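Keep in mind the model is a prediction, meaning the values are calculated, not measured. Side-chain atoms are counted along with the backbone in the values below, which use heavy atoms only and exclude waters and symmetry mates.
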Amino acid sequence: MKLLAVDTATSSLSVAVMDAGSLCTEITRSTGETHARHLMTLVETALGLSGMSVADLDAFVVTIGPGTFTGLRIGLSSIQGMATATSKPVAGISSLDVLADQAAPSCQASGSLVCAMLDARRQEVYAGLFRADGQAVEHVSAFRVIPPADLADEIAEPCLMVGSGALLYQDLLREKLAGRFSLAAPGAHTIRGETVARLGMASLEREIIPVDRVLKPLYLRRSDAEINA
């Protein structure tokens, strides 16, 4: 299976091409510039380096959120458009699932608690709790938007934190959790296209996805414009 995977959920941008479970090309940028400016260029570059064209792809994968509203719209509309134009299936993967998966290798014991969190602004984070066995992860809680201090109050055991929210609020979390706090390896905090592709391939293998499926973004909260209004 030949896959194109894209992440635009946060300030970083990542594109990956995978063939038969092996990574062909991955390009990740963290410049802070708008994703609309670079996404399609990176897609063309990644496909070219992989010796493929859009017509060669069997499926597409994209992160559906939570994350920035503008970023999610850019990624979803671009990938959905390519999937529709080529009549190929598209899988949606949560950005928090990706982060938890990337943090799993850092877990010291099977069944370790992992908290994936992204900065949601307004002194809040998008967060989800997981159990990890060093490789696979499973959901412990529903995804939600919550102040980081309130989230820390609910954690009563050692927890590995990962994501932009964990980095931003690490001092607060370390103070409230004390010895229960640990931070994932540096490379785990940026969403990688390779992880998106791998999780997407697993999703595509588990279920038959109709080629006309339309993905919906996972926002968790109204946009700032709606809140301000």
Got a second to check how far [X]'s [atom1] is from [Y]'s [atom2], nearest 0.5 Å?
X    : Y    : atom1 : atom2 : answer
L220 : L218 : CG    : CG    : 4.5 Å
M117 : Y126 : CE    : OH    : 14.0 Å
L172 : Q123 : CG    : CD    : 9.5 Å
S50  : L23  : OG    : CG    : 7.5 Å
R174 : R180 : CZ    : CZ    : 14.0 Å
I93  : D101 : CD1   : CG    : 10.0 Å

Looking at every non-hydrogen atom in both residues, tell me the closest pair between [X] and [Y] and how far apart they are.
X    : Y    : result
A100 : V137 : O-CG1, 3.6 Å
G128 : L96  : N-CD1, 3.9 Å
G71  : T8   : O-OG1, 2.6 Å
L204 : A91  : CG-CB, 4.1 Å
V162 : A188 : CG2-O, 3.5 Å
M18  : A197 : CE-CB, 4.0 Å

Ion pair present between E124 and R144, side-chain N to carboxylate O less than 4.0 angstrom?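 No, no charged N to carboxylate O under 4.0 Å.
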Quick one: do D153 and K176 make a salt bridge, cutoff under 4.0 Å?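 The answer is yes: the pair qualifies as a salt bridge.
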Are [X] and [Y] side-chain neighbours, meaning at least one heavy-atom pair lies under 4.5 Å?
X    : Y    : result
I27  : T45  : yes
D19  : M52  : yes
L167 : L183 : yes
M161 : S182 : no
L113 : I155 : yes
R29  : L42  : yes
C115 : L160 : no
F60  : V54  : yes

Take H38 and L13, measure what side-chain contact (heavy atoms from CB on, under 4.5 Å) needs, and give me the verdict at the end. CA-CA 9 Å; H38 299 290; L13 167 63; 4.0 Å; yes
Looking only at atom types and distance, does a side-chain atom of [X] sit under 3.5 Å from a main-chain N or O of [Y], one as donor and one as acceptor?
X    : Y    : answer
T84  : G81  : no
S112 : A132 : no
E138 : R131 : no
S94  : G65  : yes
H35  : T10  : yes
E26  : V15  : no
Q80  : R213 : yes
S12  : S30  : no

Consider only side-chain N and O atoms of [X] and [Y], and report whether a donor and an acceptor are under 3.5 Å apart.
X   : Y   : result
T28 : S14 : yes
S53 : D56 : yes
T63 : S95 : no
T70 : T68 : no

Walk me through whether D58 and L3 qualify under side-chain contact (heavy atoms from CB on, under 4.5 Å). CA-CA 6 Å; D58 299 306; L3 295 177; 5.7 Å; no
Where do R192 and D7 land on the salt bridge (Lys or Arg N to Asp or Glu O under 4.0 Å) test, with the steps shown first? CA-CA 7 Å; R192 293 187 54 196; D7 168 64; over 6 Å; no
Decide whether [X] and [Y] are clustered together by the hydrophobic rule: side chain heavy atoms of Ile, Leu, Val, Met, Phe, Trp, Tyr closer than 4.5 Å, transitively.
X    : Y    : result
V62  : L39  : yes
I191 : V61  : yes
V140 : V98  : no
L151 : Y169 : yes
V17  : M201 : yes

Does T25 form a side-chain contact (heavy atoms from CB on, under 4.5 Å) with L47? I'd like the steps, not just the answer. CA-CA 8 Å; T25 304; L47 286 171; over 6 Å; no
Quick check on E157: does its CD atom have over 12 non-hydrogen neighbours (other residues, nucleotides or ligands) under 6.0 Å away?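 More than 12 heavy atoms, drawn from other residues, nucleotides or ligands, come within 6.0 Å of this atom.
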Determine whether more than 12 heavy atoms belonging to other residues, nucleotides or ligands lie under 6.0 Å from atom CD of E175.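 Not buried by this count: 12 neighbours or fewer within 6.0 Å.
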Check: F69 ring centre within less than 6.0 Å of Y219 ring centre: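 Yes; Y219 has its ring centre under 6.0 Å from that of F69.
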Go through it in stages, so that I can follow the logic: the residues are E194 and Q102, the test is side-chain contact (heavy atoms from CB on, under 4.5 Å), and I'd like the CA-CA distance, side-chain angles, deciding distance and then a yes or no. CA-CA 10 Å; E194 178 185 15; Q102 292 178 176; over 6 Å; no
Return the orientation label for the H139 and F130 ring planes: parallel under 30°, perpendicular over 60°, tilted otherwise.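 Perpendicular, since the angle between the ring planes exceeds 60°.
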